[in-house]
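What follows is a short report on a single structure.
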Amino acid sequence: MKTQEKNKPNQTTIEHLFINITLINQSFDGYFSCFQNQFFKLKNDYHLAIKTIYIATSDSIFLTNNQLVKILSLIGSIIDNDLVEYSFEIGYQTLSAQELKVLKTFGVNRLVWKIRTFNNNLLQQIDEKFNVNQILSLISASLALDFNNSSFDLEYNLSGQTEVDLVNDLEFVLSWHPKHISYQSATNHHNLTNKNLITQFLDHHNYDNYECFSFALTKNNYSQHTLAYLQLKNWFGLGPNAGSFMILKDKVITSNYDHNWQKKTKILTKNQYYQLLITQGLMLKSGFSLTGTKLLAYKKYLPVINKLINDYQLEINDNFLMATNQGWILLNQVLLDIINR
């Protein structure tokens, strides 16, 4: 790979890779054929120094041993010593305990458990085939294989979910001692009471709410892929509905595959790029430094930022723009204020 780099048509270096495995109107063979074609194009067109890989999976997919080996073998051809985080999402029907050994063999070092809730009654309203005991059995099997770096992904605002249900989930998840927990709303509605309950509970147990939806025991447990995404590092997405973001020599682009693997690319205006820098940067508790292009973005949005500072929702601390404690709770509205300025 290294010897061919100077012949590649694009000088951009890709360090972060997102892969979406989902079978939308496709068999696995159809998916893999498209994936393979686009993967080879990625290898041919870009310099690759992959630091993080995140493999997302849909609820409807079950991967056999052979299917998993085919995908991971291909991905393995671009892995070298640059890789620091290799995440794989696991839901209720993604794979069996046997396939966990395959993940281990191919160097996956972080498992993302798409649990939603530990309450079976609530869970089966989402899909009657889901059973929390299935995923708990897989988690136990993963620990036996020394998968010690995991994220437990949960949801609030589930239909019929009470505050007692939420507290029960929080207490139960802590019994597994995960190093990372993600909590997102199951709907577009952000219930501040629930969000505060979750944040205060996890803070009491020494989890750092370093990102809007994420909590970690230490900085070493931060999701490196999430950090790269929010800090607008170059990332490349492969698969239906997978997006990419790249800063090229003379432009900033985003692109996205549709259900049929057709790729649409958009060149961002300067204002669109500035807005992304601000809104995604503020999704980190530490905010972003007012230097370089980020300083230019800050100056462009200064009127609305000053208003939010005067309202005690944003602050500048050690040359970083960040949300105040009040603004962090109301972050969704803060971001909307910036977008709709």
Side-chain angles (χ1 to χ4, degrees), residues 15-18 51-56 83-91 103 107-118 135-136 138-140 142-143 145-156 166-167 169-186 190 194-233 235 279-289 317-318 320-325 327-332 334-335:
E15 296 183 334
H16 307 279
L17 182 62
F18 174 83
K51 294 181 178 179
T52 72
I53 299 172
Y54 190 103
I55 300 179
L83 188 70
V84 295
E85 182 181 278
Y86 193 171
S87 301
F88 194 97
E89 272 187 2
I90 302 175
L103 298 181
V108 172
N109 58 18
R110 183 172 182 268
L111 302 180
V112 180
W113 298 102
K114 299 199 301 180
I115 297 166
R116 290 190 174 89
T117 177
F118 296 103
I135 208 160
L136 293 179
L138 282 175
I139 294 171
S140 294
S142 76
L143 293 173
L145 291 170
D146 292 327
F147 277 109
N148 296 316
N149 185 15
S150 296
S151 178
F152 283 43
D153 286 12
L154 299 166
E155 293 181 355
Y156 66 96
L166 201 55
V167 171
D169 274 353
L170 286 163
E171 290 177 342
F172 191 77
V173 74
L174 289 185
S175 71
W176 289 84
H177 310 292
K179 296 176 179 177
H180 190 280
I181 298 170
S182 287
Y183 243 113
Q184 297 203 43
S185 174
H190 295 268
N194 287 344
K195 185 172 175 63
N196 284 339
L197 188 156
I198 294 163
T199 302
Q200 290 171 14
F201 186 99
L202 292 176
D203 178 69
H204 180 72
H205 289 88
N206 301 314
Y207 280 86
D208 175 13
N209 186 197
Y210 72 98
E211 186 264 342
C212 186
F213 305 109
S214 304
F215 303 79
L217 280 177
T218 71
K219 288 185 176 181
N220 290 335
N221 305 132
Y222 289 2
S223 166
Q224 297 304 307
H225 190 85
T226 297
L227 292 179
Y229 172 77
L230 292 178
Q231 292 169 350
L232 294 181
K233 308 294 186 182
W235 80 82
T279 54
Q280 296 204 182
L282 288 174
M283 289 181 71
L284 293 172
K285 190 69 182 290
S286 59
F288 61 90
S289 63
N317 188 349
D318 198 21
F320 274 70
L321 181 68
M322 62 186 70
T324 62
N325 289 337
W328 190 241
I329 294 169
L330 301 171
L331 187 61
N332 188 59
V334 170
L335 299 181

side-chain contact (heavy atoms from CB on, under 4.5 Å) for Phe147 and Leu103? Distances and angles first, verdict last. CA-CA 10 Å; Phe147 277 109; Leu103 298 181; 4.0 Å; yes

Sole candidate of Ile198, Leu174, Thr117 that passes side chain to side chain contact (heavy atoms under 4.5 Å, CB included) when paired with Asp169: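 Of the listed options, the one satisfying the test is Thr117.
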
Can you tell which of Ile115, Leu138, Asp153, Val112 makes a side chain to side chain contact (heavy atoms under 4.5 Å, CB included) with Ile90?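 Output: one option passes, namely Leu138.
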
Would you name the heavy atoms of [X] and [Y] that are closest together and state the gap between them?
{"X": "Ile181", "Y": "Pro178", "result": "CG1-CG, 3.8 Å"}
{"X": "Glu171", "Y": "Phe201", "result": "CG-CZ, 3.7 Å"}
{"X": "Gly327", "Y": "Val334", "result": "O-CG2, 3.9 Å"}
{"X": "Leu143", "Y": "Asn148", "result": "CD2-OD1, 4.3 Å"}
{"X": "Ala216", "Y": "Tyr222", "result": "CB-CD1, 3.7 Å"}
{"X": "Arg110", "Y": "Ser151", "result": "NH2-CB, 3.6 Å"}

Name all residues meeting the ring-ring contact (aromatic ring centres under 6.0 Å, His included) criterion together with [X]; count only those two or more places apart in sequence or in a different chain, and write none if there are none.
{"X": "Tyr207", "result": "none"}
{"X": "Trp235", "result": "Tyr229, Phe245"}
{"X": "His225", "result": "Tyr54"}

Are [X] and [Y] close enough that some pair of their side-chain heavy atoms sits under 4.5 Å apart?
{"X": "Tyr86", "Y": "Ile55", "answer": "yes"}
{"X": "Phe320", "Y": "Leu284", "answer": "no"}
{"X": "Phe213", "Y": "Met283", "answer": "yes"}
{"X": "Leu136", "Y": "Phe118", "answer": "yes"}

Distance from [X] atom [atom1] to [Y] atom [atom2], nearest 0.5 Å?
{"X": "Lys195", "Y": "Asn209", "atom1": "NZ", "atom2": "CG", "result": "6.0 Å"}
{"X": "Leu154", "Y": "Arg116", "atom1": "CG", "atom2": "CZ", "result": "11.0 Å"}
{"X": "His177", "Y": "Leu217", "atom1": "NE2", "atom2": "CG", "result": "10.5 Å"}
{"X": "Lys285", "Y": "Ser214", "atom1": "NZ", "atom2": "OG", "result": "13.0 Å"}
{"X": "Asn317", "Y": "Ser286", "atom1": "CG", "atom2": "OG", "result": "11.0 Å"}
{"X": "Tyr156", "Y": "Leu197", "atom1": "OH", "atom2": "CG", "result": "11.0 Å"}

Using the side-chain contact (heavy atoms from CB on, under 4.5 Å) rule, take Met322 and Trp328 through it: C-alpha gap first, then chi angles, then the decisive distance, then the call. CA-CA 9 Å; Met322 62 186 70; Trp328 190 241; over 6 Å; no

Which of these passes side-chain hydrogen bond (donor to acceptor under 3.5 Å, both in side chains) with Thr52: His16, Glu85, Glu15, Lys233?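 Output: one option passes, namely His16.
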
In terms of the angle between their ring planes, are Phe152 and Trp176 parallel, tilted or perpendicular, with boundaries placed at 30° and 60°?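 Because their plane-to-plane angle lies in the 30° to 60° range, the rings of Phe152 and Trp176 count as tilted.
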
With distance as the sole criterion, is a donor-acceptor pair present between the side chains of Thr218 and Asn220 under 3.5 Å?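 Judged by distance alone, the side chains do not pair up.
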
Give a yes or no on whether the backbone of Phe172 and the side-chain of Ser175 come within a donor-acceptor separation of less than 3.5 Å.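 Checked: pair present.
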
For Phe215 and His205, what are the C-alpha separation, side-chain angles and deciding distance, and is it a ring pair (Phe, Tyr, Trp, His ring centres under 6.0 Å)? CA-CA 11 Å; Phe215 303 79; His205 289 88; over 10 Å; no

